[in-house]
Amino acid sequence: MKINLVTTLLLSGLIYSQVPKVTSGKIEHFENFKSSFVDARNIDVWLPDGYSKNEKYAVLYMHDGQMLFDADITWNKQAWEVDETAGKLNTEAKYKKFIVVGIWNNGLKRHAEYFPQKPYRKLTDEQKQFVSDNLLKLKKIDQVFKPNSDNYLRFLISELKPFIDSHFSTVTDKDNTFIAGSSMGGLISLYAICEYPEVFGAAACLSTHWTGIFQLEDNPIPETFFDYMRTYLPDHRTNRIYFDYGDKTLDELYFSLQLTANDIMREKGFNNANWTTLLFPGKDHSEKSWKERFNIPLEFLLKK
């Protein structure tokens, strides 16, 4: 895909910065939310029907916020339709009541913000060059690749979360604070719970982009991710993790890699009480697929 002005604007969200329309609950839209760690971006906070300051709500933080609510304003005309699924769960007594914070991605800086930084540091200079060349060739980045995920997480922890907790009626502890995303958003969700297990009680990682780039051959990235997991996975007694994946399009790359991740989860003591991995045969790497199964990770995260 040729990167031109229109494409850059689409990726950055500058064209589609209007408030998403929802069929359940309501959106509070914060334009160009400022940060000392990363570039400003839009934040959409979804509140369920009947939201009241007299109640306290769990909080689900989600990446790629511009893709979550309204297909009419996304670049590919697909969306998770989070409001529909979350609205239904909020009415069921067996799940915690919750709000959703949609964090817009930053276009061509998305890959750098979502790529786990500590594992990347373990790569050799030659391997880092290989990663950068691959992403540049595919137009996923527009300059030499340098992950900035540590600062992205600092933004979430020290700027966004305090803002949300002070402006909305939330339960602030880790057992009521969750994080979720797909693809690279799945990777950064896993990184977040590993780096800040005292902040995020559970993470949902859909179609986790274990490859980091877009090929398996000669790819050093998965193994460095797995080495990181062996050291930094949170305590299975205090944190929970959900994985899933399909087997079509980009998700085809994930099968053997997810099996390795599953083995590491077992090695670190995770079991059916605090971890699940699900395969969805026939499902591809798209918002349409994530929308269809979003109720499953939500139920995992929000169960009482």
Side-chain angles (χ1 to χ4, degrees), residues 3 5-48 51 57 59-87 98-115 140-142 148-168 170 177-189 192 200 204 206 287 290-291 294:
I3 299 295
L5 177 60
V6 173
T7 300
T8 301
L9 290 172
L10 283 168
L11 289 169
S12 66
L14 294 177
I15 287 181
Y16 293 137
S17 63
Q18 66 262 46
V19 180
K21 294 180 180 178
V22 292
T23 58
S24 172
K26 67 177 181 179
I27 294 284
E28 292 204 12
H29 180 78
F30 299 91
E31 191 85 8
N32 291 320
F33 189 95
K34 299 295 188 295
S35 168
S36 298
F37 300 106
V38 292
D39 291 346
R41 70 205 55 226
N42 300 332
I43 304 294
D44 288 323
V45 180
W46 176 84
L47 306 175
Y51 171 83
Y57 297 80
V59 185
L60 171 60
Y61 292 87
M62 295 189 69
H63 313 288
D64 295 314
Q66 59 264 62
M67 306 301 295
L68 299 181
F69 299 105
D70 186 353
D72 288 339
I73 62 172
T74 66
W75 68 271
N76 63 359
K77 300 303 178 184
Q78 295 184 41
W80 292 58
E81 308 296 352
V82 164
D83 54 301
E84 296 180 9
T85 307
F98 64 102
I99 67 174
V100 180
V101 179
I103 309 151
W104 287 43
N105 72 51
N106 210 11
L108 287 173
K109 294 183 179 180
R110 173 181 183 267
H111 217 86
E113 290 183 344
Y114 290 3
F115 195 110
K140 299 296 181 181
I141 57 176
D142 62 354
N148 194 36
S149 53
D150 286 352
N151 274 336
Y152 177 72
L153 293 184
R154 290 186 186 106
F155 155 62
L156 297 188
I157 300 303
S158 64
E159 296 176 330
L160 182 58
K161 187 179 188 301
F163 174 84
I164 296 299
D165 289 338
S166 65
H167 285 73
F168 299 94
T170 66
T177 306
F178 313 112
I179 193 159
S182 62
S183 194
M184 289 298 293
L187 271 185
I188 191 62
S189 296
F200 300 109
L206 289 72
E287 285 78 17
W290 302 321
K291 168 191 171 183
F294 185 48

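We're numbering straight along the sequence, starting at 1.
- Atom-to-atom distance recorded for H111:NE2 and S183:OG is 8.0 Å, nearest 0.5 angstrom.
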Does the pair Y152 and N106 meet the rule for a side chain to side chain contact (heavy atoms under 4.5 Å, CB included), with working shown?
CA-CA 11 Å; Y152 177 72; N106 210 11; over 6 Å; no
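- In this structure, S149 contributes its side chain and F115 its backbone to a donor-acceptor pair below 3.5 Å.
- Side chains of W46 and V82 form no contact here, defined as non-hydrogen atoms less than 4.5 Å apart.
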Where do L187 and Y114 land on the side chain to side chain contact (heavy atoms under 4.5 Å, CB included) test, with the steps shown first?
CA-CA 7 Å; L187 271 185; Y114 290 3; 5.9 Å; no
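- Within the 4.5 Å cutoff, the side chain of R110 has heavy atoms near those of the D64 side chain.
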I'd like to know whether I164 forms a side chain to side chain contact (heavy atoms under 4.5 Å, CB included) with I99, so could you lay out the CA-CA distance, the side-chain angles of the two residues, the decisive distance to 0.1 Å, and finally the verdict.
CA-CA 10 Å; I164 296 299; I99 67 174; 4.3 Å; yes
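- Atoms CG and CD, on L68 and E81 in that order, are 10.0 Å from each other to the nearest 0.5 Å.
- Checked by atom type and distance alone, the side chain of W104 never pairs as donor or acceptor with a backbone atom of N32 at under 3.5 Å.
- By the 4.5 Å heavy-atom criterion applied to side chains, L153 and I188 are counted as neighbours.
- Open room surrounds NZ on K109; 12 or fewer heavy atoms of other groups in view lie less than 6.0 Å from it.
- In this structure, L47 CG and I27 CD1 are separated by 8.0 Å, a value rounded to the nearest 0.5 Å.
- Taking 4.5 Å as the limit, every side-chain heavy atom of W290 sits out of range of all side-chain heavy atoms of M67.
- Judged purely by atom type and a 3.5 angstrom limit, Q66 uses its side chain to pair as donor or acceptor with the backbone of N105.
- Within the structure, the salt bridge (charged side-chain N to carboxylate O under 4.0 Å, His left out) test picks out no pair touching residues 99-108 (sequence neighbours left out).
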Checking I43 against V45 for the side chain to side chain contact (heavy atoms under 4.5 Å, CB included) test, could you report, in this order, the C-alpha distance in whole Å, the side-chain angles of both residues, the deciding distance, and whether it holds?
CA-CA 6 Å; I43 304 294; V45 180; 4.1 Å; yes
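- Inter-residue side-chain proximity for T74 and E287 is flagged as unmet; no heavy-atom pair is nearer than 4.5 Å.
- Aromatic ring centres of Y57 and Y51: separated by under 6.0 Å.
- Take F37 and apply the side chain to side chain contact (heavy atoms under 4.5 Å, CB included) test, not counting sequence neighbours, and it matches S35, N151, R154, F155, S158, E159.
- F163 has its ring centre less than 6.0 Å from the ring centre of F30.
- You'll find the side chain of D83 reaches within 4.5 Å of the side chain of F69, heavy atoms only.
- Put simply, the side chain of K77 gets close to the backbone of D72: a donor and an acceptor are under 3.5 Å apart.
- Under the rule for a side chain to side chain contact (heavy atoms under 4.5 Å, CB included), the partners of I179 that lie at least two apart in sequence or sit in another chain are Y61, H63, L156, S189, A192, F200, A203.
- Closest approach of K26 to V22, counting heavy atoms only: CA-CG2, 4.0 Å.
- Summarising the geometry of A79 relative to A71, their closest heavy-atom pair is CB-N, 3.5 Å, with the distance given to 0.1 Å.
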